[in-house]
Engineer: 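Have a look at the structure that comes next, please.
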Amino acid sequence: MHAGQSLCSAPNAAVMTTHKPTDSAGPHVSMPDSILIVDFGSQVTQLIARRVREAGVYSEIAPFSMAEEAFRRMRPKGIILSGSPAGVPDEGSPRAPQSLFEAGVPILGICYGQQVMSHQLGGEVRPGHETGEGGEFGRAFLTVSKECKLFDGLWTVGERHQVWMSHGDKVTRFAPGFEIVATSDGAPFAVIADEKRKFYGTQFHPEVVHTPDGGKLLANFVHHVCGLQGDWTMAAYRDTKVAEIRAQVGDGKVICGLSGGVDSSVAAILIHEAIGAQLTCVFVDHGLLRLNEREQVETLFRDHYNIPLVVVDAEKRFMRGLAGETDPERKRKFIGGEFIAVFEEEAKKLGGADFLAQGTLYPDVIESVSFTGGPSVTIKSHHNVGGLPERMNMSLVEPLRELFKDEVRELGRELGLNDQFVGRHPFPGPGLAIRIPGEVTKERCDILRKADAIYLDEIRKAGLYDAIWQAFAVLLPVKTVGVMGDYRTYDNVCGLRAVTSTDGMTADVYPFDATFLTGCATRIVNEVQGINRVVYDYTSKPPGTIEWE
Ligand code: XMP
């Protein structure tokens, strides 16, 4: 079958595409020394970027079809070719731009990347079924047969090391100039090298944790082979971005929609550092916020950072619009549209603005599309302020668009935000509305706010908050009978949800112990009028989603 099979491919495998940076991404004041990662659609391409950044070197991912353009823009000091769900022998499978092999910079090909490089430089790749040897999937051991710059200070000749393989096809003849430097049972060309051109290929995946020395091998590539220092730090990023924002905005006006979450907050604080009072933040209180959330935002931005902040009390109009609505998608659509309307009105009152600031992150920029190029299925319409820039004729300022979530948290700390704030669980744009299946009313929001606050308080007291990706309460449209004292009760059911995740795309249920959950249930039923029963949600994602709607 295919080169990437189990690790790289999946039904409806996705190709990651990096959107073209628009002029709204702003002029690049100075591009840090960087590595370009050419993506052929592996599901673990992002991990390559993570490992390179962990080695203190800036990296960007570009799909193979846009790699030439990315190369011209970035002038990288090295290139990494990713894995793929495709197979090199397959008709129409992707290729690297040939010019990259002639650019004079070091290249590391991983799995499909190794195979495509071998193929394009004159070697041979054959499907597993033709070689009659099948593939290698999962843990494998390789033996080092020759010294190689990739192995510097790490592996020596004759040693055996664990790696993670996931391939069906294999290189059967390497390209001129290459030699074998490590072999495994299933892949005689487990690692190949052309030290003269500084081209390397690994049949295994160094970017996954199952290759224990993988991070160090990638660090060797960027430091020893490409000669990069590893001096890309958040302090440096902060300075570069401040200069970039100033250059982009000039004396223009910027507005930023604050959600109270980490991303928009960090973006706002960074932009404020760059342009001061040219920035105004707008916080829309749609009545779907958590307990005391609005006050916390006001204190942080207005009092602590002295950032001009407009708080819009829009609870009544949101509740009016949500009245009688029970369909999850229609609720989401209404909230998204109304949010934009409120935001637009406020921007007009402020006399308009030239720029809209958003806390867009790198995983949002690298968008998954189906491998065949068709649109992926909409599970839920996510609510953000998309649509606004065109409607209001504004350019975007997105200073976080190169960062992963944990890097944003690090930048937040660099900007003086405390750990409790930067470590906050994600909170969706439509807020509590998607945690109240059925009709949303102010009364139901108030009930849920109280239950949610108790649950999070218990989690914090138990020291579990940071171990959980997201925890929240849900108010079900179901009433059940209970007994309190000598009285019959007939009240709402509250669901509790807690998951672990790395990116929200998949999630596991957090395994609280029963005593903890019983404690939460007791407090919620005793302290929140309107709830007489509590249940815990044991569904992972997939097949569930994290939010209930
Ligand atoms: P689901 O429910 O799709 O959620 O498994 C995955 C992650 O996304 C968050 N989420 C949203 N975030 N606007 C947001 O900003 C939205 O409309 C939205 N819907 C879901 C959710 O909280 C979880 O972290």
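Read the numbers this way: they start at 1 and go in the same order the structure lists the ligands and their atoms.
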Engineer: Students often mix this up, so state it plainly: with edges at 30° and 60°, are the rings of F343 and F339 parallel, tilted or perpendicular?
Structural biologist: parallel

Engineer: Need the ligand 1 atom indices (1-based, order shown) with element for anything under 4.0 Å from a heavy-atom of P430.
Structural biologist: 13 (N), 16 (C), 17 (O)

Engineer: Show the numbers, then the answer: is there a side-chain hydrogen bond (donor to acceptor under 3.5 Å, both in side chains) between E402 and Y237?
Structural biologist: CA-CA 10 Å; E402 292 99 356; Y237 187 84; 2.8 Å; yes

Engineer: Quick one: does W469 get within less than 4.0 Å of ligand 1, heavy atoms only?
Structural biologist: yes

Engineer: The criterion is side-chain hydrogen bond (donor to acceptor under 3.5 Å, both in side chains); which residues satisfy it with R460, sequence neighbours excluded?
Structural biologist: none

Engineer: Out of all atoms in ligand 1, which are within 4.0 Å of some heavy atom of K541? Include the element for each.
Structural biologist: 1 (P), 3 (O), 5 (O), 6 (C)

Engineer: Any donor and acceptor pair, going by atom type alone, linking the side chain of Q248 with main-chain N or O of L396 inside 3.5 Å?
Structural biologist: yes

Engineer: Measure up the W232 and Y58 rings against each other and bin them: parallel (under 30°), tilted (30 to 60°), perpendicular (over 60°).
Structural biologist: tilted

Engineer: Under a 4.0 angstrom heavy-atom cut-off, which atoms of ligand 1 come close to G504?
Structural biologist: 6 (C)

Engineer: Below 3.5 Å, N or O to N or O, backbone or side chain included: is there any such pair between F427 and ligand 1?
Structural biologist: no

Engineer: Can you name the salt bridge (Lys or Arg N to Asp or Glu O under 4.0 Å) partners of D239, sequence neighbours left out?
Structural biologist: none

Engineer: Would you check the N or O atoms of R332, main chain and side chain alike, for any that come under 3.5 Å of an N or O of ligand 1?
Structural biologist: yes

Engineer: Given E547, R497, H425, R435, which has its nearest heavy atom closest to atom 22 (O) of ligand 1?
Structural biologist: E547

Engineer: Using distance alone, decide if ligand 1 has a nitrogen or oxygen within less than 3.5 Å of any nitrogen or oxygen in I434.
Structural biologist: no

Engineer: Where does the angle between the aromatic ring planes of Y455 and F516 fall among parallel (under 30°), tilted (30 to 60°) and perpendicular (over 60°)?
Structural biologist: tilted

Engineer: Atoms of ligand 1 less than 4.0 Å from T545 heavy atoms?
Structural biologist: 1 (P), 2 (O), 5 (O)

